[in-house]
Colleague: 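My structure is below; once you've seen it, I'll send some questions.
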Amino acid sequence: MSIKYIEGKKVYLRPYETEKDKEMLYRATFIEESNLFTGTTKPFMRKKLNNM
C-alpha cells in the first residue's frame, strides 16, 4: 500500500502515524481552535490514545 501525501503552498497533509504522532494528537485536543474545526468536544485520555 502506498502512502499518499497532499502538498500545497501552505499545507502538507499525510496520514497520521500512530506511534510517531500520538503525543501531538493528544496535545492538539487542548487547543480550542483545533477542537472547533474538528468537532472534538473534550480532550482524549492518554490511555485511550495508547490503545490506538
Side-chain angles (χ1 to χ4, degrees):
M1 180 176 143
S2 65
I3 297 175
K4 297 188 179 191
Y5 301 92
I6 300 172
E7 189 169 357
K9 290 181 181 180
K10 295 185 177 186
V11 68
Y12 177 78
L13 301 175
R14 63 169 176 76
Y16 76 89
E17 299 171 29
T18 306
E19 288 304 313
K20 181 178 177 183
D21 298 327
K22 194 182 320 185
E23 183 63 25
M24 182 273 310
L25 290 169
Y26 174 73
R27 289 180 183 202
T29 66
F30 293 98
I31 301 170
E32 189 174 332
E33 188 176 44
S34 294
N35 293 341
L36 176 67
F37 293 113
T38 62
T40 303
T41 58
K42 60 184 178 179
F44 293 100
M45 296 174 56
R46 275 190 195 272
K47 185 177 180 180
K48 189 156 191 125
L49 286 174
N50 286 336
N51 293 329
M52 288 177 71

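Note that the coordinates shown come from a computational prediction; the quantities given were computed from them, not determined experimentally.
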Colleague: Side-chain heavy atoms nearer than 4.5 Å, only ILVMFWY residues, links allowed to pass through others: does that put V11 and I6 together?
Modeller: yes

Colleague: Just verifying a value: how many Å separate E17 CD and L25 CG, rounded to the nearest 0.5 Å?
Modeller: 11.0 Å

Colleague: Might you confirm whether atom CG of L13 has over 12 heavy atoms from other residues, nucleotides or ligands at distances under 6.0 Å?
Modeller: yes

